[in-house]
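Have a look at the structure below, then the notes.
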Amino acid sequence: MNKNILKKVALSCCLALVSTHVMAQKSVDQMSEAFNNFTTKLLKNKQVTLVVNDQYEGGYIHKYQFDAPISVLQKFDDTMLECSSASFQSFVKTAGTESGSKKEIRLAYDVGNKSTYVFPVEVDNNYNMQLMRDPKDESMRYAYMLTWAKRGDRAVGHVVKIYGKDPQAPSTNKKDTELNEKPKTALEFMQAFGTLRSIYLKQNDELRRDLEWNGKTWGRKQSDKLPLVTAVANKISSLCANYIHLLSNPDKLLVQRTLRDMQSSANDKYVGNIFATAADNMSFKRKKP
């Protein structure tokens, strides 16, 4: 492949990334404008029964309780659905439908996400929740919730907007994977291996749920959990490649069997191959370099 073709491919990849970022920012801006327009109209028409605006370090929560004609909600509800393709998590339910095992929705907020706003999921209520990451800082999250019940020709309910640290975005992305890269004993190796395995299992399970949700809802076979899952898999592979000599043969066998289990449970083929290669490359007679 000549250099000109490589340059064109690289440029196309860059443009695709820029386009994705622009579209995400557009959806975030569209949602913010729709929320402001909706709540301004509620206030102007004196259809608000309670308002709570609270700012805290790194974020805020805006809550409006309303009693308004159903038609007033329609545009905002439609905008939420329109922008849902940019959400990393959504929940939509119409009145009269069951929610399965989902009994409540909990949205964390405040400094360190120490507070929680809880919405009981009731059969007779309508729900539209969209969670969107801030394109400028993916550790931050916008949470929108519109929930209401029909009372004649009116809607009685709540609308909430939260901005703050995303409790689902691993603040552990760097911290929890930056373990001691030079274990000096078998105990240190097994502790590092065990910690990385725990992170992997949790994130791999979230990856599976993401893939199932995205596939059923949007027809997309992708998840933003994949980079972290891959990073943890590479960390485990590096740990085994460089420090497996610290272990006795029984411990090596345990690690190898665990790698095989992680391979079989991987929800991404490439990640599974990382574990397979790490297990294949283990030597039970390897000497310290």
Side-chain angles (χ1 to χ4, degrees), residues 24 26-56 59-110 113 115-134 140-168 209 213-214 216-218:
K26 182 179 179 181
S27 295
V28 166
D29 293 342
Q30 187 176 351
M31 281 289 293
S32 181
E33 181 180 2
F35 178 86
N36 291 338
N37 291 340
F38 175 48
T39 53
T40 297
K41 183 178 290 187
L42 290 174
L43 289 167
K44 182 179 179 180
N45 296 335
K46 298 181 180 180
Q47 295 163 344
V48 172
T49 57
L50 177 67
V51 178
V52 177
N53 291 320
D54 186 18
Q55 290 191 327
Y56 46 88
Y60 55 80
I61 179 170
H62 300 319
K63 300 185 287 186
Y64 295 82
Q65 185 174 305
F66 58 81
D67 183 340
I70 294 175
S71 58
V72 175
L73 282 65
Q74 196 63 55
K75 187 172 182 179
F76 181 60
D77 195 27
D78 289 345
T79 300
M80 291 182 74
L81 293 175
E82 182 182 341
C83 295
S84 61
S85 59
S87 301
F88 68 87
Q89 187 174 339
S90 304
F91 177 75
V92 179
K93 188 187 88 66
T94 57
T97 59
E98 295 289 344
S99 59
S101 60
K102 199 171 189 67
K103 302 302 181 184
E104 63 182 20
I105 298 170
R106 304 173 67 87
L107 295 178
Y109 68 98
D110 211 338
N113 286 316
S115 302
T116 304
Y117 201 75
V118 181
F119 300 85
V121 177
E122 300 175 354
V123 173
D124 295 331
N125 284 12
N126 299 277
Y127 297 87
N128 191 342
M129 179 193 75
Q130 304 296 334
L131 306 184
M132 312 173 78
R133 292 215 166 86
D134 184 348
M140 305 296 283
R141 175 203 68 179
Y142 292 94
Y144 290 92
M145 167 62 83
L146 173 64
T147 175
W148 57 278
K150 185 178 180 181
R151 300 287 186 267
D153 62 348
R154 299 182 71 81
V156 177
H158 299 77
V159 62
V160 177
K161 177 183 180 180
I162 297 173
Y163 179 73
K165 285 290 183 183
D166 180 7
Q168 296 186 50
R209 291 198 297 268
W213 172 263
N214 290 339
K216 291 177 181 178
T217 310
W218 317 117

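Counting begins at 1 with the first residue of the sequence.
- Contact record, Ile162 with Tyr109: CG2-CB, 3.7 Å, taken as the closest heavy-atom pair.
- Using a 4.5 Å cut-off on side-chain heavy atoms (C-beta onward), Arg133 and Met140 make no contact.
- Judged purely by atom type and a 3.5 angstrom limit, Tyr142 has no side-chain atom pairing as donor or acceptor with the backbone of Gln130.
- Remark: side-chain polar atoms of Ser84 are paired, donor with acceptor, to backbone N or O of Leu81 under 3.5 angstrom.
- Phe66 places a side-chain heavy atom less than 4.5 Å from the side chain of Leu146.
- Side-chain polar atoms of Thr49 and Gln65 form a donor-acceptor pair below 3.5 angstrom.
- Using modelled atom types, one side-chain atom of Lys93 and one backbone atom of Thr97 make a donor-acceptor pair closer than 3.5 Å.
- Tyr117 and Phe119 have perpendicular rings, their planes meeting at more than 60° on a 0 to 90° scale where under 30° would count as parallel.
- At distances below 3.5 Å, not a single donor-acceptor pair connects side-chain atoms of Asp54 with backbone N or O atoms of Ile61.
- Gly152 approaches Lys150 most closely through the heavy-atom pair O-CE, 2.9 Å.
- Asp110 places no side-chain N or O within donor-acceptor distance of the main-chain N or O of Tyr56, the cut-off being under 3.5 Å.
- Separating the OG1 atom in Thr40 from the CG atom in Asn45 is a distance of 10.5 Å, to the nearest 0.5 Å.
- Remark: the backbone N or O of His158 is not paired with any side-chain donor or acceptor of Lys63 at under 3.5 angstrom.
- Below 30°, between 30° and 60°, or above 60°: for Phe35 and Tyr64 the angle between ring planes is above 60°, a perpendicular geometry.
- In this structure, CZ on Arg106 lies 12.0 Å from CG on Asn113, to the nearest 0.5 angstrom.
- Residue Met80 forms a side chain to side chain contact (heavy atoms under 4.5 Å, CB included) with just one option from Met145, Lys75, Met31, and that option is Met31.
- Within a 6.0 Å sphere centred on CD of Glu82, heavy atoms belonging to other residues, nucleotides or ligands number more than 12.
- Side-chain atoms of Asn126 and Asp77, non-hydrogen and from C-beta on, never get closer than 4.5 Å to each other.
- Inter-residue side-chain proximity for Asp134 and Val28 is flagged as unmet; no heavy-atom pair is nearer than 4.5 Å.
- Contact record, Asp124 with Ala95: O-CB, 3.4 Å, taken as the closest heavy-atom pair.
- Between Thr147 and Tyr127 the shortest heavy-atom distance is OG1-CE2, 3.1 Å.
- Taking CD from Gln89 and CG from Leu131, the interatomic distance works out to 5.0 Å, rounded to the nearest 0.5 Å.
- In terms of modelled atom types and a separation under 3.5 Å, the side chain of Ser87 and the main chain of Met132 share no donor-acceptor contact.
- Checking Gln55 against Asn53 by side-chain atom types alone, no donor-acceptor pair falls below 3.5 Å.
- Looking only at side-chain heavy atoms (C-beta outward), Val159 and Leu73 stay at 4.5 Å or farther from each other.
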Kindly indicate, with the supporting measurements, whether the criterion side-chain contact (heavy atoms from CB on, under 4.5 Å) is fulfilled by Gln47 and Val72. CA-CA 10 Å; Gln47 295 163 344; Val72 175; 4.1 Å; yes

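- Leu107 CG to Ser115 OG: the interatomic distance, rounded to the nearest 0.5 Å, is 12.5 Å.
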